[in-house]
Protein chains: 2
Amino acid sequence: MEKKLRMTHQREIILDELRRCRSHPTADELYERIKKKLPRISLATVYRNLEILSEVGLITKLEISGRQKRFDWDVQDHDHVYCTECHRVDNIPTATTTCLPVDPDQQKGYQITGCRIEFYGLCPNCQKPRKVQKFKGDKDMACKSCTTGLSDTQRQVLEAFAKSEEACGSKDIAAATGMESKKVSCQITALKKKGFVSSPVRCKYEITDEGKSQLSC
Amino acid sequence: MEKKLRMTHQREIILDELRRCRSHPTADELYERIKKKLPRISLATVYRNLEILSEVGLITKLEISGRQKRFDWDVQDHDHVYCTECHRVDNIPTATTTCLPVDPDQQKGYQITGCRIEFYGLCPNCQKPRKVQKFKGDKDMACKSCTTGLSDTQRQVLEAFAKSEEACGSKDIAAATGMESKKVSCQITALKKKGFVSSPVRCKYEITDEGKSQLSC
DNA sequence: CCTTGACATGCGAATGATTATCAAATACAT
DNA sequence: ATGTATTTGATAATCATTCGCATGTCAAGG
Ligand SMILES: [Mn+2]
Ligand SMILES: [Mn+2]
Ligand SMILES: [Zn+2]
Ligand SMILES: [Zn+2]
């Protein structure tokens with residue numbers, strides 16, 4: 001009573017496109033590439049087929065911890081590393097399979113059917129001196145606030161404040177600079193710590209004299 | 001310049017409640033338990049605090065492949081198994097740490113900072129002859145539809161529909177039966193295929209005469 | 001006591017990834 | 001060629017999680 005698969009054009013292209021990827025694309029990345037060949041394809045179709053193809057074992061679905069699923073044309077059993085900064089995923093050769101910490105089949109009453117090993121760290125790109133760093137929350141900002149200068153982003157935010165006649169919120173700055181408001185509010189917090197902006201009213205901020213002088217450096 | 005944490009009542013209760021859990025609850029499960037002590041607490045507060053507590057190392061955040069995050073009061077380094085059927089998560093003692101397949105630090109140019117090992121399989125409960133089975137997609141349902149009868153779960157759902165005056169959605173049934181709504185909607189799909197429920201409007205279902213007669217067997 | 005300001009909370013709305021729904025199109029066994 | 005089960009595209013729904021914001025709390029200092 002297995003339902004049989006049809007080889008539709010879209011299914012073929014999806015498989016083909018994944019196979020010519022050396023990387024481990026997400027459904028969405030694949031969708032973007034496939035749209036060039038099949039402009040009318042739906043994202044749902046991509047998801048559907050990746051699911052089906054992995055069910056029948058033509059491709060592998062990678063479930064990297066807590067993030068987007070990725071897909072692999074390589075159905076051989078192998079492990080992966082992912083970069084905690086840019087989320088890139090690569091294959092990684094593990095020492096030997098005989099070395100796997102697999103305990104006797106029955107553990108805690110579980111009937112174990114598999115094991116996933118994930119390494120994580122920084123990819124070659126992200127090891128380089130921080131450039132387009134992802135936000136890491138307050139910790140990062142604390143570091144930055146130790147330095148005397150202003151990051152490009154902070155300067156941008158501060159300049160937006162300088163242009164404003166009255167105290168304004170993070171949303172206004174976001175609109176003025178085109179930055180994400182999340183990022184903006186982080187920057188505001190940092191600027192506030194440095195004393196370059198102050199908050200006359202809750203959730204509203206304005207540039208301080210210190211901030212103004214900072215800008216003119 | 002680290003921001004200092006306050007031990008608020010809700011934070012205390014959240015930590016306390018997690019610590020008295022032998023399991024690895026999700027934020028939502030914890031929220032449900034905590035609501036009994038703090039009925040006015042917000043789910044966002046639970047999330048926020050679990051995040052903060054794990055950041056400062058008082059608890060551990062588990063990122064089990066592709067599903068809900070779970071939390072662990074135990075900050076010792078240890079591995080986990082999860083059941084592919086019911087998604088329960090348990091600790092699992094691995095043979096010896098010396099046996100980990102950790103290759104030399106530099107692999108593929110990655111600077112590896114960690115490794116996660118996840119075992120999966122069937123928990124003791126789910127090894128028993130299928131009872132409260134999780135959805136497995138159409139394949140499973142096709143099988144079920146070959147059988148003449150109704151599973152316990154399906155009967156439960158169908159009974160809930162029988163009690164309803166008007167067409168209702170999976171959420172309503174979930175509420176009425178106390179089942180997960182995801183599970184419910186799978187059951188509805190199966191029931192629809194069997195012709196025991198029909199969909200007068202998108203996303204709303206009602207019991208059919210066939211369904212009613214099925215119930216009276 | 002009465003302010004302040006940093007930190008926290010509750011609420012609701014937003015987000016992002018994925019899945020479900022359903023009418024219309026299509027593949028493919030007969 | 002035809003009937004029908006499968007598949008598609010478009011879109012709405014779902015689910016877990018996070019964000020924005022007004023409000024609340026509390027320790028420290030007038
Ligand atoms: Mn791979
Ligand atoms: Mn544990
Ligand atoms: Zn990277
Ligand atoms: Zn189980």
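What you are looking at is a predicted structure, and each value in this text was computed from that prediction instead of being measured. Below, chain A is the first sequence line, B the second, and so on; all start at residue 1.
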Worksheet item: Taking the side chain as C-beta and beyond, is there a heavy-atom pair between B:Cys126 and A:Gln111 under 4.5 Å?
Response: no
Pair B:Asp72 + B:Arg70, salt bridge at N-O below 4.0 Å: no
Check your understanding: Using 4.0 Å as the upper bound for N to carboxylate O, is an ion pair formed by A:Arg48 and A:Glu51?
Key -> no
B:Ile14 atom CD1 is separated from C:dG10 atom P, nearest whole Å, by 8 Å
note: B:Asn49, atom CG; C:dG10, atom P; distance rounded to Å ~ 9 Å
From CG of A:Leu38 across to C1' of C:dT26 the rounded distance in Å is 15 Å
Taken to the nearest whole Å, CD/A:Glu12 to C1'/D:dT8 is 16 Å
If only side-chain N and O atoms of B:Arg6 are considered, is one of them under 4.0 Å from the OP1 or OP2 phosphate oxygen of D:dT25? no
Atom CE of A:Met7 and atom C1' of C:dA29 are separated, to the nearest Å, by 17 Å
Checklist line | A:Asn91-A:His80 side chain donor-acceptor pair, cut-off 3.5 Å | finding: yes
Inset, instruction - Compare side-chain N and O positions of B:Thr45 against OP1 and OP2 of C:dG10 and report whether any pair is under 4.0 Å apart. - result: yes
Taking only side-chain N and O atoms of B:Tyr47, does any of them lie within less than 4.0 angstrom of OP1 or OP2 on D:dT18? no
Here the distance between atom C1' of D:dG24 and atom NE2 of B:His9, to the nearest Å, is 16 Å
Rounded to whole Å, CD of A:Gln68 lies from C1' of D:dA16 at a distance of 14 Å
Of the listed C:dT18, C:dA8, D:dT8, the closest approach to the B:Leu5 side chain comes from C:dA8
Considering every strand and a 4.0 Å limit on heavy-atom distances, what is the contact class for A:Gln10: base, sugar-phosphate, or nothing? sugar-phosphate
Ranking D:dT17, D:dT7, C:dA8 by distance to the side chain of A:Arg11, first place goes to D:dT7
Rounded to whole Å, CD of A:Glu32 lies from P of C:dA17 at a distance of 12 Å
Practice item. Looking at every strand, decide which applies to A:Ile41 at a 4.0 Å heavy-atom threshold: base, sugar-phosphate, or nothing. Key: sugar-phosphate
*Does B:Thr8 put a side-chain nitrogen or oxygen below 4.0 Å from OP1 or OP2 of D:dT25?*
no
Q. Counting any heavy atom closer than 4.0 Å, what does A:Asp28 reach on the DNA or RNA strands: base, sugar-phosphate only, or nothing?
A. nothing
Out of D:dT17, C:dC11, D:dA10, minimum distance to the side chain of B:Ala27 belongs to D:dT17
With the side chain defined as heavy atoms from C-beta on, B:Arg48 is closest, among D:dA16, D:dT6, C:dC11, to C:dC11
The single option from B:Ile41, B:Leu30, B:Ile14 that satisfies side-chain contact (heavy atoms from CB on, under 4.5 Å) with B:Asn49 is B:Ile14
A:Ala44 has its side chain closest, among C:dC11, C:dA20, D:dA16, to C:dA20
